[in-house]
Every structure is written in structure tokens, then in C-alpha cells.
Amino acid sequence: MKKNLDKKNQSLFKKFIAYYKPHKKTFALDMLCSFIFSVVGLLYPMLTTQILDVYIPNGMIKEILIMSAVLLAVYFLRAGMNYYINYYGHVMGVKMQSKMRSDLFSHLEKLPYSFYDNNETGQLMARMTNDLFNVSELAHHGPENLFITSFMTVSAFIYLCTISWKLSLIIFAFLPFLILIAWASRKNMTKAFQKSREEIGNINACLENSIAGIRVTKAYANAEHEQERFEKSNMGFVKARSKAYKAMGTFSSSMNFVTSVYNVIVLLAGGLFCIYDSANFDYVDLVAFMLSINLFISPIQTLITFFEQLQDGITGFKRFDDIMVTPVEEDKEDALEVERFEGEIAFENVTFGYDERTVIDDISLTIPKGKTYALVGASGGGKTTLCHLVPKFYPVENGDIKIDGTSIKDITNRSLRQNIGIVQQDVFLFTGTFRDNIAYGDINATEEQIVEAAKKANIHDYIVSLEKGYDTEIGERGIKLSGGQKQRLSIARVFLKNPSILILDEATSALDNATETLIQNALSDLCVGRTTIVVAHRLSTIRNADKIVVINKGKIEESGSHDELIALDGIYKKLHDAQYKDGNLDGLIDCN
Ligand code: ADP
Ligand code: MG
């Protein structure tokens with residue numbers, strides 16, 4: 001088990017390293033700069049000691065000037081290194097982050113429906129942004145910090161030892177206290193900041209929800225309630241942030257204090273050495289020691305930051321990898337690319353369930369090419385599910401679905417889906433213009449084809465009546481359109497796509513009767529010459545279907561023409577009578 005885990009972590013490490021590959025040069029230079037940067041840092045105390053020890057007592061002014069010039073030049077070099085590390089290092093980090101993000105995006109595009117049933121949008125967004133930011137911070141600063149700090153700590157310690165190994169050991173003995181205090185207060189601070197990040201997440205979620213639902217809020221006149229809810233998360237943030245700053249205060253002041261204590265220790269112990277061990281330790285050594293002690297302490301602080309970055313980065317990368325290892329939809333190796341279907345659909349003993357519960361139970365049904373079959377039945381019976389199995393949104397578990405005699409498993413997802421048009425109750429439109437949204441049906445369509453499709457969907461006249469015509473923005477998800485207009489736009493999209501198989505899943509159920517009638521004409525045109533599965537809530541709309549299939553609890557209960565089913569006097573008759581009583585008989589889809 002442990003070995004397995006190690007292996008998994010190791011491969012995680014390998015995956016991470018792979019992102020450095022395109023940036024080998026930058027990375028190597030970054031490391032080189034870091035190295036020089038650190039070495040240069042050691043120079044100041046060394047040169048100062050030399051000046052104090054030799055040049056000043058001997059009045060060597062020329063040498064002092066030369067040394068100062070050298071130091072100046074070296075600092076100039078150091079500034080250059082600093083620039084490189086900060087600029088190119090960060091750019092490298094951001095490039096790696098962007099590569100990971102684009103890998104993640106392309107993976108998300110290929111993940112199956114079922115993945116999105118179980119993962120929330122907000123969470124996925126957080127992975128795209130926060131997590132990857134943490135990873136890139138680690139990618140850029142991690143190796144550099146680790147490198148600089150380890151080098152600095154070790155070499156500073158060695159240097160201190162050359163001045164006075166006794167004093168160095170005393171300093172070294174106090175090191176665990178520094179690390180302990182820093183670690184504890186840093187951890188506290190991290191936790192507090194994590195909490196405040198969560199609170200910001202809450203504010204965002206609350207905002208997103210409130211803004212998206214503002215129309216509902218207005219309709220219910222619940223603005224005050226929303227305000228209260230918002231204030232709650234807003235106050236939550238202030239509270240969390242205050243705690244975080246408290247932790248930050250503790251951390252900063254305790255670090256400061258501990259560092260100052262070191263100065264006192266050096267002064268005290270060093271002073272005693274000067275007095276009692278003057279043969280080996282003089283005031284120059286003491287000054288050198290005081291100058292160098294920071295070289296030793298500050299990297300340790302950085303090292304502590306590094307471990308934290310490491311934690312954040314690993315967590316972020318793990319979360320990233322979790323998605324990346326989720327299997328994507330894949331075609332069979334020898335899957336067929338079908339140009340265009342004839343359109344015969346055969347369900348053969350199809351059984352399916354989302355989890356353990358069976359939703360489709362051994363359904364067999366053949367829909368001949370060009371015919372319209374209607375699925376009716378109580379809500380939750382499995383009609384939508386059955387429709388979703390045809391474009392392989394979910395894989396059939398038992399049995400098979402064949403189109404023109406070929407199992408859909410043997411057809412590429414792309415060509416299968418290109419041949420199927422779906423109009424659903426909920427229309428999803430993208431933010432953009434009318435043209436953009438219709439063209440979604442065929443990205444390469446010409447202007448004429450787009451207009452033609454709009455005409456067939458009965459939306460052209462409306463579009464051209466607008467000042468900007470096809471260039472009119474439809475608002476976020478089409479918010480500026482009526483339900484009927486949205487639906488007609490989605491129908492235009494399918495006209496443009498021109499598939500041989502059509503699925504109409506309660507396409508008009510959300511609309512009022514008058515609007516529905518308007519859309520029926522477009523739908524009736526749309527199903528001409530295509531094999532159509534229509535799911536309808538209002539039975540009047542499917543009266544003329546070639547066959548009506550009653551689905552109940554995942555099984556086919558009855559099937560036949562309208563007249564046959566009425567004569568059968570079963571479930572359909574009951575449904576029909578119930579609706580007839582409401583006088584709900586207008587609007588027919590006539591596909592013949
Ligand atoms: P219908 O379209 O006939 O109203 P559905 O096919 O939408 O019925 O749903 C059939 C059953 O499957 C319902 O019990 C529903 O709760 C369940 N179901 C639908 N979609 C999912 C899903 N994505 N995950 C889990 N269960 C689902
Ligand atoms: Mg449904």
C-alpha cells in the first residue's frame with residue numbers, strides 16, 4: 001500500500017517536472033542567477049572584515065576605494081540577477097500555469113456528462129484559478145528558494161565557523177527555538193489566511209447567486225433578505241480577515257523578536273569572548289559576526305515559507321491531477337467516422353442506471369428512418385435518459401443502440417453527435433450575438449445559411465426588425481430574449497446543423513399555448529426528412545406521430561398510434577382524458 005502511494009506521488013512529481021521541460025533554459029539561468037545572487041550576498045561581510053582587519057589599521061586608502069568599487073560593481077551585477085529572477089522567473093511560472101490551465105480546459109471539454117453531474121461549477125472554477133496559481137508559485141519560487149536558502153544557510157554557517165566556531169555553535173544551538181516558533185506561528189497564520197480565502201469564496205458564491213437570481217429576488221421583493229444574507233458573509237469575511245491579521249501580527253512580531261534575541265546573544269556571548277578569549281576573538285570578529293548573522297537567519301525564514309509553498313503547491317497540483325486522471329470520453333480504436341446517417345434507430349434490450357438504481361429497464365424499440373416516434377409518460381419515467389443514450393452522453397450498460405445497423409459504440413463521438421440535433425426545454429445560449437448563437441450549429445456556415453436557418457425557425461423577421469439585426473447582443477445566456485425567442489434561436493441552430501436524427505425533449509413545455517403554436521410550425525418543418533424522437537408533455541402536440549410509446553418506470557408500457565392507444569384504454573387514455581378535460585388541445589406537431 002505504502003509502496004503504491006509512493007509510486008503515485010512519484011509519478012505526480014514526474015508530471016510536475018514535465019511542465020518545466022519547455023523552459024529548461026530559463027530555469028537553468030534562473031538557478032544560476034540565484035546561485036550568483038547568494039554568493040554575492042556573502043561578499044559584503046567578508047570584504048568588510050577584510051577592510052576592518054587589514055586595510056583600516058594599515059591606512060590602505062587605495063585598497064579601500066578599490067574594494068568599494070568592486071562591491072559596487074558586484075551589487076550592480078546582483079541587481080541584474082534580481083531582475084532576471086523576478087521577471088523571467090515569474091514569467092516562466094505564469095507560462096507553466098497557463099499550460100496547465102489549457103491542459104485542464106481541454107481535459108474538461110472531453111470529460112463525460114457524468115463528471116459534470118457530480119462536480120460543481122464553482123469548485124471547477126477554483127481549480128482553474130486558485131489551485132493553479134499556487135502550483136505556479138511553487139514552480140517558480142520553490143526550487144529557487146530551496147536552492148538559495150540551503151546554500152546560504154550552509155555557507156553562512158561555515159563562514160561563521162571560520163570566524164569563531166564556538167560562537168557559531170552557541171548560535172546554532174538556539175536554532176531549533178527559532179524554527180519552532182516560526183513554524184508554529186506561521187502555521188497558525190496560514191490556517192487563518194486559508195479561512196479568509198474561504199470566506200472570500202463565500203462572498204463570491206453569495207454574490208454570484210444573488211446577481212444571477214436578482215430577477216427572482218425582485219419578483220419576490222426580497223431585496224432586504226438578500227442584503228441580510230450578503231451582510232452575513234461580508235461580516236464573516238471581516239471576522240476571518242481580522243483573525244488572519246492577528247496571526248500575521250503574532251508571526252511578524254515574534255519573528256522580529258527572535259531575530260533580535262539573536263543579536264543580543266551574539267553581542268553578549270561575543271562580548272564575553274572578546275574579554276575572556278581575546279587571543280582568538282577580537283572586536284573585528286564580533287562585527288563580522290554581527291554582519292553575517294542575518295545571512296544565516298533570513299534564509300531560515302525563507303525556508304519556512306518554502307515549506308508552506310510546497311504544501312499549497314502540492315495540494316493544488318494534486319487537485320489538478322485528480323481531474324486530469326479522470327478518464328475522458330474516448331472512441332474505440334477502429335471507430336467509424338460516419339458522414340451522414342440514414343437514420344434508423346434500434347434500441348436492443350437497453351438497460352441503464354445512473355447509479356445502482358435502474359432507470360431504463362430492458363427497452364427494445366426500432367424507429368425506422370424518417371419516422372417520428374413520441375415518448376410520453378409520467379415525469380421521472382426515463383424519457384430524457386433514453387434520449388441521452390443515443391448521442392452517448394452516457395454509455396449504455398446492457399444491450400445496445402444501433403443506428404443504421406451499426407452499434408453507436410463503433411461510431412466516433414464526433415460524427416455521431418454531428419448527426420443528431422437536440423432541442424430541449426432548457427435552452428442554453430452563449431453570451432454573444434444572434435449570429436454567433438445560430439452559427440454554433442455549424443461554425444463554418446455562411447451568412448446566407450445562417451439567415452436561411454433563422455427564416456426556417458421563424459426568428460428572422462424578429463432579428464431584422466432590430467436595429468443591429470444579426471449583430472444584436474442577446475445578453476448573458478440570452479436574457480434579453482423571451483422564452484419563445486430563445487427556443488426559436490435554438491431551433492435555428494439545429495436547422496443549420498441539419499442532422500439526420502432529431503430529438504425534441506419537451507421543447508415547448510415551458511412555453512404558453514400561443515407561443516407554442518408559433519414554434520410548432522418551425523418544429524414541424526424541422527422534423528421533415530429526419531428520424532425524430534419527440535418527448536412531449538402536452539399530448540396534443542404528438543397526436544400525429546407515427547407511433548406513440550408510453551414509458552413508465554423505465555419500461556415500455558404501451559405503444560401504437562393515437563387511435564390505437566385510445567382504443568386500448570390504458571395509461572395513454574388516462575393521460576389523454578386528464579388533459580382533454582383542461583381543453584388543452586391546440587398546437588400540433590405535424591411531421592408528415
Ligand atoms: P423523464 O425525462 O421521463 O422525466 P428522466 O430520464 O429525466 O425522466 O429521469 C429518470 C430518473 O433518473 C429520475 O428518477 C431522475 O431522478 C433520475 N436522473 C435523471 N438524471 C440523473 C442524473 N444525471 N443522475 C442521477 N439520476 C438522474
Ligand atoms: Mg425529461
Side-chain angles (χ1 to χ4, degrees), residues 108-124 323 326-329 345 347 349-365 367 372-399 401 408 413 417 420-428 483 486-487 490-491 494 501-511 516 519 523 527 532-542 545 547-559 565 570-572 574-576 578-579 584 589:
L108 284 174
E109 289 284 316
K110 289 186 213 133
L111 285 171
Y113 251 59
S114 51
F115 175 82
Y116 291 96
D117 290 347
N118 301 317
N119 287 279
E120 287 169 30
T121 319
Q123 280 203 7
L124 294 176
I323 300 184
T326 311
V328 293
E329 294 181 314
I345 309 170
F347 296 89
N349 305 100
V350 175
T351 298
F352 175 81
Y354 292 99
D355 24 58
E356 273 93 82
R357 207 163 49 91
T358 305
V359 175
I360 298 298
D361 191 2
D362 197 25
I363 282 190
S364 294
L365 174 72
I367 308 176
T372 296
Y373 274 34
L375 307 181
V376 300
S379 180
K383 304 179 294 294
T384 298
T385 305
L386 195 64
C387 292
H388 281 175
L389 294 179
V390 183
K392 271 199 277 185
F393 288 159
Y394 297 92
V396 173
E397 276 156 19
N398 286 307
I401 299 176
I408 55 171
N413 286 328
R417 289 170 190 170
I420 300 174
I422 304 182
V423 182
Q424 282 167 310
Q425 184 173 346
D426 298 323
V427 179
F428 189 95
K486 274 195 231 173
Q487 198 53 283
S490 85
I491 291 168
V494 179
I501 292 174
L502 185 63
I503 296 172
L504 308 176
D505 188 0
E506 309 224 29
T508 58
S509 294
L511 306 173
E516 185 176 20
I519 288 175
L523 283 179
C527 42
T532 306
I533 301 177
V534 46
V535 179
H537 173 65
R538 290 188 195 124
L539 299 184
S540 53
T541 57
I542 45 97
K547 200 173 221 172
I548 295 167
V549 180
V550 179
I551 296 201
N552 192 25
K553 291 186 185 150
K555 280 183 181 298
I556 297 182
E557 296 280 345
E558 298 168 3
S559 75
L565 290 180
I571 301 177
Y572 181 79
K574 267 196 208 120
L575 285 172
H576 180 266
Q579 289 192 5
N584 195 358
I589 295 185

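Each ligand, and each atom within it, is numbered from 1 in the order the structure gives.
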*Ligand-side contact atoms (ligand 1) for residue partner Gly381, heavy atom cut-off under 4.0 Å*: 1 (P), 3 (O), 8 (O)

*Of the backbone atoms (N, CA, C, O) and the side-chain heavy atoms from C-beta on, which set of Tyr394 has a member under 4.0 Å from an atom of ligand 1: side chain, backbone, both, or neither?*
side chain

*Check: Arg417 side chain, Lys392 main-chain N or O, donor-acceptor pair, under 3.5 Å*: yes

*Distance to 0.1 Å, residue and atom name: give those for the protein heavy atom nearest to atom 13 (C) of ligand 1.*
Gly380 O, 3.9 Å

_Part of Val359 within contact of ligand 1 (heavy atoms, under 4.0 Å)_ = side chain

*Is there a donor-acceptor pair under 3.5 Å between the side chain of Gln487 and the backbone N or O of Ala507?*
yes

*Provide the number and element of each atom of ligand 1 under 4.0 Å from a heavy atom of Ser379.*
4 (O)

*Just say parallel, tilted or perpendicular for the rings of Tyr113 and Tyr394, cut-offs at 30° and 60°.*
perpendicular

*Among protein heavy atoms, which lies nearest atom 15 (C) of ligand 1, and at what distance?*
Arg357 NH2, 4.4 Å

*Using heavy atoms and a threshold below 4.0 Å, how should the contact between Thr385 and ligand 1 be classified: side chain, backbone, both, or neither?*
both

*atom 19 (C) of ligand 1 - nearest protein heavy atom and its distance*: Tyr354 CE1, 3.4 Å

*Look at atom NE2 of His388 and say whether more than 12 heavy atoms of other residues, nucleotides or ligands are closer to it than 6.0 Å.*
yes

_Other residues, nucleotides and ligands only: do more than 12 of their heavy atoms fall within 6.0 Å of CG on Asp117?_
yes

*Strictly under 2.8 Å, is any N, O or S atom of Thr385 next to the Mg ion (ligand 2)?*
no

*Atom CG in Leu539, atom OG1 in Thr541: separation rounded to 0.5 Å?*
7.0 Å

*Protein contact to atom 8 (O) of ligand 1 [nearest heavy atom, distance to 0.1 Å]*: Gly382 N, 3.2 Å

_Between Tyr354 and Thr385: side-chain donor-acceptor atoms closer than 3.5 Å_ = yes

*Check each atom of ligand 1 against the heavy atoms of Lys383 and keep those under 4.0 Å away; list them by number with element.*
1 (P), 2 (O), 3 (O), 4 (O), 6 (O), 8 (O)

*Which residue and heavy atom of the protein sit nearest atom 23 (N) of ligand 1, plus the separation*: Asp117 OD2, 2.9 Å

_Using modelled atom types and a 3.5 Å cut-off, is there a donor and acceptor pairing between side-chain atoms of Lys555 and backbone atoms of Gly381?_
no

*Under the criterion side-chain contact (heavy atoms from CB on, under 4.5 Å), which of Ile401, Ile408, Ile422 is the partner of Pro391?*
Ile422

*Among protein heavy atoms, which lies nearest atom 7 (O) of ligand 1, and at what distance?*
Thr384 CB, 3.6 Å

